[in-house]
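Inspection log for the structure reproduced underneath, given as structure tokens.
Everything numeric in this text was worked out from a predicted model, so none of it was measured. Just the heavy atoms: all of them, side chains too, but no hydrogens, waters or symmetry mates, feed the values below.
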2 protein chains.
Amino acid sequence: MATLKYSRQREAIKEYLASTTSHPTADTVYMHVKTEFPNISLGTVYRNLNLLADLGEAVKITTPDGGDRFDAQTIPHYHFYCKDCGSVIDMDFNNIEEINELASQNFDGRIESHTILFYGTCGECLTRS
Amino acid sequence: MATLKYSRQREAIKEYLASTTSHPTADTVYMHVKTEFPNISLGTVYRNLNLLADLGEAVKITTPDGGDRFDAQTIPHYHFYCKDCGSVIDMDFNNIEEINELASQNFDGRIESHTILFYGTCGECLTRS
DNA sequence: CTTTTTGCAAATCGTTTGCATGGAC
DNA sequence: GTCCATGCAAACGATTTGCAAAAAG
């Protein structure tokens with residue numbers, strides 16, 4: 001239904017997101033895009049970030065500190081979340097074995113725990129639909 | 001510093017949490033404990049759940065739908081999050097290989113994606129402290 | 001001209017916090 | 001008597017939403 005129409009704001013948001021690997025919050029995206037579009041509103045940023053996530057052109061990363069993060073890198077990869085400063089950092093490796101290796105190498109001792117969250121539809125919902 | 005004092009409310013919260021594997025939200029815990037303590041407040045439930053999480057007697061699970069979930073099972077394990085109904089289900093296996101096996105067996109095709117989030121302190125914060 | 005997108009402000013929702021009172025020790 | 005914990009209500013912070021105006025097609 002929704003015929004997508006072009007918008008400079010959305011383009012600027014995509015562009016900024018693609019230019020960084022810092023996994024910015026919606027507010028950070030807002031502040032950056034604002035330099036180019038002084039009148040842009042936070043609501044527009046949220047709407048577009050969610051739209052991009054729905055289209056599969058961006059990924060929304062849920063963090064334990066409330067604020068969600070956005071990532072233009074849609075190829076599946078893992079993230080390291082710093083519980084002290086809240087920064088989200090890319091990590092790339094393929095299996096659990098490497099997690100422990102990484103913990104004792106790249107992040108010697110700094111990894112305190114990790115969470116694996118799966119996304120999908122549970123059997124109950126599958127039945128109901 | 002904080003000398004922990006006994007409280008019936010906290011005990012009831014621990015008890016309820018230990019009795020279920022449904023990974024309830026704070027509000028769900030609130031509603032259940034309320035049958036035993038009609039005057040208990042949501043704030044107290046939040047305070048105690050966070051306290052238990054800090055003490056390591058419970059785990060707080062961040063989900064993409066906003067509401068955090070709590071789990072009395074503190075032995076590290078993985079969770080499956082249903083993006084349709086928001087339920088959180090325990091999954092147990094040890095490595096990434098099994099994730100794909102599981103996706104095609106127990107959850108045939110239902111797992112759409114998964115996120116691994118690491119918790120710890122990043123190098124920058126480690127340096128600053 | 002029709003439909004989508006925007007900017008703005010108000011509304012929502014989960015969670016936290018300040019404060020006076022009540023309970024634990 | 002001294003602190004810690006509670007109940008309540010107000011405060012918060014991130015995100016969403018309703019609406020009229022502006023832009024795209």
Side-chain angles (χ1 to χ4, degrees), chain A residues 1-17 23-55 57-70 81 83 85-88, chain B residues 1-17 23-55 57-71 81 83 86-88:
Chain A
M1 298 295 86
T3 315
L4 202 58
K5 279 182 182 171
Y6 172 89
S7 104
R8 310 181 198 183
Q9 288 90 332
R10 185 185 308 128
E11 221 50 38
I13 289 169
K14 284 173 67 173
E15 203 175 297
Y16 170 65
L17 205 57
H23 310 88
T25 60
D27 200 69
T28 301
V29 173
Y30 169 62
M31 291 193 296
H32 275 86
V33 178
K34 201 171 189 174
T35 63
E36 191 181 347
F37 293 87
N39 296 326
I40 199 172
S41 73
L42 234 195
T44 296
V45 172
Y46 272 106
R47 268 186 295 240
N48 279 298
L49 287 174
N50 285 329
L51 178 60
L52 293 175
D54 287 347
L55 294 175
E57 293 180 32
V59 174
K60 188 194 275 197
I61 305 165
T62 302
T63 65
D65 63 10
D68 289 341
R69 309 308 202 78
F70 295 86
Y81 171 77
K83 73 188 178 80
C85 70
S87 68
V88 175
Chain B
M1 304 299 89
T3 315
L4 202 58
K5 279 181 183 172
Y6 172 89
S7 103
R8 311 181 195 183
Q9 288 88 334
R10 185 184 309 128
E11 222 49 39
I13 289 168
K14 284 173 66 173
E15 203 175 297
Y16 171 65
L17 205 58
H23 310 87
T25 61
D27 201 69
T28 301
V29 172
Y30 171 62
M31 292 193 295
H32 276 86
V33 177
K34 202 171 187 174
T35 63
E36 192 181 346
F37 293 87
N39 296 326
I40 199 171
S41 72
L42 233 195
T44 296
V45 173
Y46 271 106
R47 268 186 294 240
N48 279 296
L49 287 174
N50 286 329
L51 178 60
L52 293 175
D54 287 345
L55 294 174
E57 293 181 32
V59 174
K60 188 194 274 196
I61 305 164
T62 303
T63 66
D65 62 10
D68 289 340
R69 309 307 202 77
F70 294 87
D71 193 347
Y81 173 77
K83 73 188 178 83
S87 67
V88 174

Salt bridge (charged side-chain N to carboxylate O under 4.0 Å, His left out) with B:Glu57: which residues, sequence neighbours excluded?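 B:Glu57 satisfies salt bridge (charged side-chain N to carboxylate O under 4.0 Å, His left out) with B:Lys14 only.
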
Set of residues satisfying salt bridge (charged side-chain N to carboxylate O under 4.0 Å, His left out) with respect to B:Glu15, sequence neighbours excluded: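 Scan of B:Glu15 (salt bridge (charged side-chain N to carboxylate O under 4.0 Å, His left out), adjacent residues dropped) gives none.
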
Could you grab the distance from atom OH of B:Tyr81 to atom CD1 of B:Ile61, nearest 0.5 Å is fine?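 With rounding to 0.5 Å, OH (B:Tyr81) is 12.0 Å from CD1 (B:Ile61).
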
Check if the side chain of B:Lys5 and the base of D:dC3 share a donor-acceptor pair of N or O atoms closer than 3.5 Å.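 Present.
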
Could you tell me how far apart [X] ([atom1]) and [N] ([atom2]) are, to the nearest whole angstrom?
{"X": "A:Asp54", "N": "C:dT4", "atom1": "CG", "atom2": "P", "answer": "16 Å"}
{"X": "A:Arg47", "N": "D:dG18", "atom1": "CZ", "atom2": "P", "answer": "11 Å"}
{"X": "A:Phe37", "N": "C:dT6", "atom1": "CZ", "atom2": "P", "answer": "10 Å"}
{"X": "B:Asn48", "N": "C:dT15", "atom1": "CG", "atom2": "P", "answer": "15 Å"}
{"X": "B:Leu49", "N": "C:dG14", "atom1": "CG", "atom2": "P", "answer": "15 Å"}

Is the closest side-chain heavy-atom distance between [X] and [Y] below 4.5 Å?
{"X": "A:Lys60", "Y": "A:Asn50", "value": "yes"}
{"X": "B:Thr62", "Y": "A:Thr63", "value": "no"}
{"X": "B:Val88", "Y": "B:Asp71", "value": "no"}

Mind listing the closest non-hydrogen atom pair of A:Ala26 and A:Leu42 along with its distance?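 Between these two residues, the closest heavy atoms are O-CD2, 4.2 Å.
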
If you look at every heavy atom in A:Val29 and A:Pro24, which pair is closest and at what distance?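 In this case the closest contact between A:Val29 and A:Pro24 is CG2-CG, 3.8 Å.
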
Tell me whether the OP1 or OP2 atom of D:dG7 has a side-chain N or O from B:Thr44 closer than 4.0 Å.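 Answer yes for this pair, as a side-chain N or O of B:Thr44 is under 4.0 Å from OP1 or OP2.
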
Side-chain N or O of B:Asn39 less than 4.0 angstrom from OP1 or OP2 on C:dG22?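 Result: no.
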
Please give me every residue in residues 7-17 of chain B whose heavy atoms get under 4.0 Å of an atom in DNA chain D, ordered by residue number.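 Only B:Ser7, B:Gln9, B:Arg10 qualify.
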
Mind checking which stems touch DNA chain C? I mean at least 3 consecutive Watson-Crick or G-U pairs, both distances under 3.5 Å.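 C:1-25 with D:1-25 - these are the stems of 3 or more pairs that involve DNA chain C.
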
Main chain of A:Lys5, side chain of A:Arg10: is a donor-acceptor contact present, judged purely on distance under 3.5 Å?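 Yes; at least one donor-acceptor contact below 3.5 Å.
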
With sequence neighbours left out, what residues match A:Thr44 under side-chain contact (heavy atoms from CB on, under 4.5 Å)?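 A:Thr44 satisfies side-chain contact (heavy atoms from CB on, under 4.5 Å) with A:Gln9, A:Ile40, A:Ser41, A:Arg47, A:Asn48 only.
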
Who pairs with [X] by side chain to side chain donor-acceptor pair (under 3.5 Å), at least two apart in sequence or on another chain?
{"X": "A:Asp68", "answer": "none"}
{"X": "A:Thr25", "answer": "A:Thr28"}
{"X": "B:Asp54", "answer": "none"}

Tell me the ring pair (Phe, Tyr, Trp, His ring centres under 6.0 Å) pairs involving residues 23-43 of chain A, sequence neighbours left out?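 Found A:Tyr16-A:His32, A:His23-A:His79.
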
Please produce a list of atom pairs where a protein N or O lies less than 3.5 Å from an N or O of nucleotides 9-12 of chain C.
none

Just compare D:dG25, D:dT6, D:dG18 and give me whichever is closest to any side-chain atom of A:Tyr6.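 That would be D:dG25.
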
Sort me out a list of protein N/O and nucleotides 12-15 of chain D N/O pairs below 3.5 Å, or just none if empty.
from   : atom 1 : to      : atom 2 : distance (Å)
D:dT15 : OP1    : A:Asp68 : N      : 2.9
D:dT15 : OP2    : A:Tyr46 : OH     : 2.2
D:dT15 : O5'    : A:Tyr46 : OH     : 3.2

